[in-house]
Structures are given as structure tokens and as C-alpha cells.
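The next block holds one structure in the form of C-alpha cells; read it before the comments.
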Amino acid sequence: MFTNLVKKYGVVPYDAMPDLAVSQNTDELNSVLQHLLAQGMRDIRKAHKEGKSTADLEAIKSKYLDDIYRILTISLGVPPKSFSYDYKDKDKKHVALPTLTPKEFFKQYIETDLDDYVALSDAPIEGREKYVKYTCHYVNNVEDGEPVYFFSVTPEEFKNAALASLEDNTPIWFAADVLTQSLRKEGLLADGLLERKELFSLDYNMDKKDRLTYRASFCNHAMTFTGVNLTDGKPDRFKVENSWGNENGNDGFFVMSDKWFDEYVYQIFVRRKYVAPEVLAKYDAAKKVEVSPFDTLWATMD
């Protein structure tokens, strides 16, 4: 999704569009937008039942989209179409960049190949095959943008790609069920951390596949792997950078056990060079299958 946004709009330095109070706390904004979207759906369906024409329905949709854009720009600001930027380099020399568009800025000053990443998953959901790109056009964030994929591999292939990246000092974006077996304030993610079965005398016996299939677990948060501790070549814990502020964990960093990784990490974005050649070949040749937007894969986007 980030790739889609950058390809379409580019990027700007922070000073060209700084964070505002709303962008740092979007709960109220999201509430307004959700209410407006629900009202728009009601109006469109009501007009359809009354026999209104397609043009009339499109007019209602356009009116609501105008309202949404106005709310977003009032709350977050208008993204600049072009900007100028001055800075001092490491030698304290003043540098003034020419006026640039956000896309020109990305192309000239940020050396990142946005197509050099693959999305790997360890999501053993019932009815879902390995080495298939499952997607849903309803969850895309940009019209005609690159689709979002869930491409499941074996747990070993999944972890090996993550380890290869971290051992080469390259951080990894990942999605997981951060709400399970975790302590937010202490910054701990460890399976067995909370003994719920013992506390409530439960016969809780669902494995990873069961939890995903029946929506008892899903990707509800994204974080970044920044390190791994190896003992005799095997991982026993991971260093995780979270986005919940410095007051949580150790200055914003969490510790994840290897067992928690196996149970609750479901997706990583990793550079192609860290993926085993045979897995990469399967990824490139994989068939694409459209699934329902209500699938567990998209539960975090509901």
C-alpha cells in the first residue's frame, strides 16, 4: 500500500507537510469518516430503490467524495503539488534544492526500488493453498495500484527469509496479532506469557490454523523487526520497534520470543535477495486468486 501511494503521489520532506494534531491521533477523524460513509451508502441504496438513474447514483457518490476530501484537507492539510527545500549538509554548507514535485523528489533523492520487495505469509487458513497469491480488489488503497497479496509459504521458508534480512542488518516490516500473549507497557511478546488456560481452567486447544480459520486471531498491527538474537545459530528472541511511543517497552522497543514469532507473526515484506531462489520462483509464477473482502486475511482492514 505504501508502494502504491509513493508511485502515484511521491514523497516530501517532513517540513513540506508536517504532522498535525489530527494526523497523530486519528480516532475522531476516522469516526467522522465512518459515519459519513455509512450515510452515503444509505442514500445510494435508498435512491436505487426509488428507481433513480445511474447518473443520479453517481452524483450522490461524487457529493460524498467531495465532502470526504474537504474533511481530510481541513484535518490533515493539502498535499503539496510542488515544493522548495533548503538544508545544511554534514559540512554545514547551505544547499537549496530546485522546486520539485513529490514524485521528482523521490526519483532524484531516495534510492529505493519499490518493486524489490515480496510479501510472504505464514497463514495456514483452511481452504487456502501455499504458493498462491490471494488478493481482493476491494482492499486496495489506490485505483489500479499494485494488488495486496497474501502468499503463504512454509514456516521454515518464512522464518529463513526474515533471518537472512536481519542478519544482513536490514529491518523488516511485519504484521501480527499483537493483542495476544503480550504486555504493552513492559514491551513483551511471548507465547505463554499470560496463563489464561490455568487462570480460567480452560481447555483451549486451537492451533495457528484454527485461530486464523475461525477469526480468533488475525493481523491487527504492523511493527518492524530490527534485530535478532542467535544462540548456536538459532533464534531465541527478536528486537521489535513499535509505534506506540517511548513510554511503552524499552524506549519504544519490544522483545519477541521465537515461539511468539511462530504462533502470531503472519506476514513480512522482505527484499527479494533474502528469499530462497526456489520460493522466489514460485512467487513470481504464482496464480492470483480473488477472495472475499470478509476473509480472515483482511480482518484488520474491516
Side-chain angles (χ1 to χ4, degrees), residues 1-13 102-103 105-124 130-135 139-142 145-178 189 219 221-230 233-243 252-256 258 260-262 264-288 297-298 300-301:
M1 290 186 168
F2 174 78
T3 294
N4 283 337
L5 291 172
V6 173
K7 284 183 175 180
K8 184 170 183 178
Y9 299 108
V11 299
V12 298
K103 292 177 75 170
F105 179 75
F106 180 83
K107 184 177 180 179
Q108 293 183 36
Y109 295 101
I110 302 178
E111 297 179 0
T112 299
D113 182 359
L114 296 174
D115 296 318
D116 188 36
Y117 292 82
V118 294
L120 301 182
S121 300
D122 178 18
K130 285 184 174 58
Y131 312 118
V132 173
K133 289 179 177 175
Y134 291 103
T135 187
V139 305
N140 279 13
N141 63 328
V142 171
E146 291 294 321
V148 178
Y149 291 126
F150 270 84
F151 178 82
S152 275
V153 297
T154 68
E156 295 75 21
E157 292 165 339
F158 185 71
K159 183 176 287 184
N160 286 342
L163 291 176
S165 183
L166 292 173
E167 289 183 68
D168 197 32
N169 296 315
T170 303
I172 308 168
W173 181 100
F174 73 95
D177 180 2
V178 75
L189 302 165
C219 295
H221 191 50
M223 296 172 280
T224 304
F225 284 123
T226 59
V228 60
N229 188 73
L230 301 176
K234 301 290 184 181
D236 55 19
R237 60 189 182 274
F238 294 83
K239 184 178 181 181
V240 173
E241 185 174 7
N242 206 343
S243 58
F253 286 85
F254 284 39
V255 176
M256 176 194 297
D258 184 57
W260 199 95
F261 180 108
D262 292 339
Y264 302 110
V265 176
Y266 299 136
Q267 188 175 45
I268 60 174
F269 287 171
V270 62
R271 289 183 179 274
R272 296 174 68 89
K273 67 180 180 179
Y274 301 123
V275 181
E278 62 274 15
V279 177
L280 199 57
K282 292 178 181 178
Y283 183 89
D284 290 335
K287 66 179 179 180
K288 302 175 181 64
L297 297 175
W298 323 113
T300 186
M301 301 177 190

Do you know which two heavy atoms are closest between [X] and [Y], and how far apart they sit?
X    : Y    : answer
N4   : E146 : OD1-N, 2.7 Å
L120 : A161 : CD1-CB, 3.8 Å
P171 : L166 : CA-CD2, 4.5 Å
V118 : Y283 : CG1-CE2, 3.5 Å
Q267 : Y149 : NE2-O, 2.9 Å

Testing the 3.5 Å rule here: is there a donor-acceptor pair between the side chains of [X] and [Y]?
X    : Y    : result
S152 : Y131 : no
H221 : N242 : yes
D122 : Y266 : no

Inset, instruction - Answer yes or no for K239 and F254: cation-pi contact, defined as NZ/CZ to six-membered ring centre under 6.0 Å and angle to ring axis within 45°. - result: no

So, do [X] and [Y] sit near enough that their side-chain heavy atoms are less than 4.5 Å apart?
X    : Y    : answer
V6   : L114 : yes
I172 : F269 : no
F238 : T226 : no
R237 : V228 : no
V153 : S121 : no
F105 : V11  : yes
L189 : V178 : yes
L5   : N141 : yes

Inset, instruction - For D115, check side chain to side chain contact (heavy atoms under 4.5 Å, CB included) against everything at least two apart and list the hits. - result: K7, D113

Legend entry - Set of side chain to side chain contact (heavy atoms under 4.5 Å, CB included) partners for K159, sequence neighbours left out: L163, P235, D258, F261, D262

Inset, instruction - Anything under 30° is parallel, anything over 60° is perpendicular, the rest tilted; go ahead and classify F225 against F174. - result: parallel

Inset, instruction - Tell me, yes or no, whether the heavy-atom count around Y9 atom OH, taken from other residues, nucleotides or ligands under 6.0 Å, exceeds 12. - result: no

Legend entry - Other residues, nucleotides, ligands: >12 heavy atoms within 6.0 Å of F2 CZ: no

Legend entry - From E241 atom CD to W173 atom CH2, the distance as rounded to the nearest 0.5 Å: 15.0 Å

Can you check whether [Y]'s main-chain N or O pairs, donor with acceptor, with [X]'s side chain at less than 3.5 Å?
X    : Y    : answer
E157 : T154 : yes
N160 : E156 : yes
S165 : V270 : no

Inset, instruction - Taking only Lys NZ, Arg NE, NH1 and NH2, and the carboxylate oxygens of Asp or Glu, determine whether K133 and D284 approach each other closer than 4.0 Å. - result: no

Inset, instruction - For residues F150 and Y134, establish whether the separation of their ring centroids is below 6.0 Å. - result: no

Legend entry - Test side-chain hydrogen bond (donor to acceptor under 3.5 Å, both in side chains) applied to R271 - qualifying residues, sequence neighbours left out: D116, Y117

Inset, instruction - Carefully, step by step, assess V132 and F151 under the rule side-chain contact (heavy atoms from CB on, under 4.5 Å). - result: CA-CA 6 Å; V132 173; F151 178 82; 5.7 Å; no

